[in-house]
Amino acid sequence: MVLAFASFREILGKERVLHLKESATVKDLLDDLAAARPPFKEAAFDDTGALRDYVLLMVNRKRIDPTLDLSRPLQEGDELAVFPPLAGG
Amino acid sequence: MVLAFASFREILGKERVLHLKESATVKDLLDDLAAARPPFKEAAFDDTGALRDYVLLMVNRKRIDPTLDLSRPLQEGDELAVFPPLAGG
Amino acid sequence: MIQITETEISLDEMIKRARSKDAGAMVTFLGTVRDDGMERMEVEAFREAALMELEAIQEEAMSRFHLIAAEVVHRTGTLAVGENILAIVCSAAHREEAFSGCRYIIEELKKRAPVWKKELGEKCERWVGQTSSP
Amino acid sequence: MIQITETEISLDEMIKRARSKDAGAMVTFLGTVRDDGMERMEVEAFREAALMELEAIQEEAMSRFHLIAAEVVHRTGTLAVGENILAIVCSAAHREEAFSGCRYIIEELKKRAPVWKKELGEKCERWVGQTSSP
């Protein structure tokens, strides 16, 4: 399942259930989303195809580092959250 | 007029009107009070006759420095306040 | 108590819960909707993750600053100018600890809690804290 | 607003007065009667001098920290454990200023406002902050 918040929610909707290929990674899932929703590709990736700096990610409600953990494999049932910089309080 | 607060109010009462000699100073007024009320002498002066460290003074609602301003002359109508260390808040 | 709520924050209730015979000081922070030329604000949270994060921050503040109580309530939904977005109440034996604890919670909340704000004006809307698109 | 009062402090009213569309942050300090083994506390003020001093402190805080509003109410008379002795509310555009302004007021008040507290127990009584007689 993918959860999206704030500006990304406006593009993707709050929740999407996606079916994963065997041994799919976080990057694979983001690429699937980008392919399915061009506005998300525009918002989340730069021209070279790299994830933009301000994109934040959580897997199962724990923050992951987009520069290190994009190759992390996902399991069936994992929850990926994608959102812009925090602005609470 | 002399105003006393906190522990000094318990000894002297809240207000006293004293009549001043011509050209009386703050020190003269405190000595008069000490002579009239021995518990005040005990509380406010040490054995050498010096004002104790913790005694605070105001003349007309402005703090005065007990180490420098005891020789300040008082006018008829001046208000001297005597009190222990502040503890508000 | 940690809460994320769609309804108005009751500071009174929070202070009542944080009050204690062992407390000499209570420090409260209120975040309010400032008029930056907009009409209203929308506050959105990743509720489950934000509650977990706020609970962790509360525990850290309690133990680091020897707080007696720490209350945090974050509002979500549509808010008008002047309304409370967030309330934090910290009680402690002494004021140094209550100030430091309250300050710690708001700073960590801003860094760590998955919450977003959008300013809505007559003609424009803007997600707070995002300099570039999206 | 600056006030020295024998009656209960209404924090609600103070917050209402300090609230503003230009404020993004409000910081409140409450000083409360801590149970140091006593039953009640008596608070005494040199009312006229304390009001003058609090007004001066308020003005300093407003201009140094660009506060939008600063409210100070000090209670006098007999208070029970847990009751509010003092309330300070500061509003500002940003939290840094609101925290600093509130902290400034409490620190200066403690140093400069002619107010005294006496703890009253079953068997003993003690003026706060006096290590030696009287």
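So that the names make sense, note that chain A is the first sequence line, chain B the second, and so on, each numbered from 1.
- Neither the backbone nor the side chain of D:I85 comes within contact range of chain C; no heavy atom of the residue lies under 4.5 Å from a heavy atom of that chain.
- Within the 4.5 Å cutoff, the side chain of D:L30 has no heavy atoms near those of the C:T28 side chain.
- When all heavy atoms of C:R34 and D:D22 are compared, the pair lying nearest together is CD-O, 3.1 Å.
- For C:R19, the part sitting under 4.5 Å from any heavy atom of chain D is the side chain, from C-beta outward, and nothing else.
- Most heavy-atom pairs under 4.5 Å with chain C: of the set D:A23, D:A25, D:A80, this distinction falls to D:A23.
- For C:V27, the parts lying near chain D are the backbone and the side chain together; criterion is any non-hydrogen pair under 4.5 Å.
- In this structure, chain C has no heavy atom under 4.5 Å from any part of D:A87.
- There is no contact between D:L86 and chain C, counting heavy-atom distances below 4.5 Å.
- Classification of C:R103 and D:E96 as a salt-bridged pair holds, one side-chain N sitting under 4.0 Å from a carboxylate O.
- Within the 4.5 angstrom heavy-atom criterion, atoms from both the backbone and the side chain of C:N84 approach chain D.
- Residue contact with chain D, scored on non-hydrogen atoms closer than 4.5 Å, involves the side chain of C:I15 exclusively.
- Atom CD of C:E107 has more than 12 heavy atoms from other residues, nucleotides or ligands within 6.0 Å.
- Within a 6.0 Å radius of CD in C:E48, more than 12 heavy atoms belonging to other residues, nucleotides or ligands are found.
- If you tally non-hydrogen atom pairs under 4.5 Å between each of C:G31, C:S20, C:C102 and chain D, the highest count goes to C:C102.
- Taking C:A98, C:S91, C:G82 one by one and counting their heavy-atom pairs under 4.5 Å with chain D, the maximum is reached by C:G82.
- For C:A93, the parts sitting under 4.5 Å from any heavy atom of chain D are the backbone and the side chain alike.
- Interface check for chain C: of the options D:L11, D:V81, D:T32, the most heavy-atom pairs under 4.5 Å are formed by D:T32.
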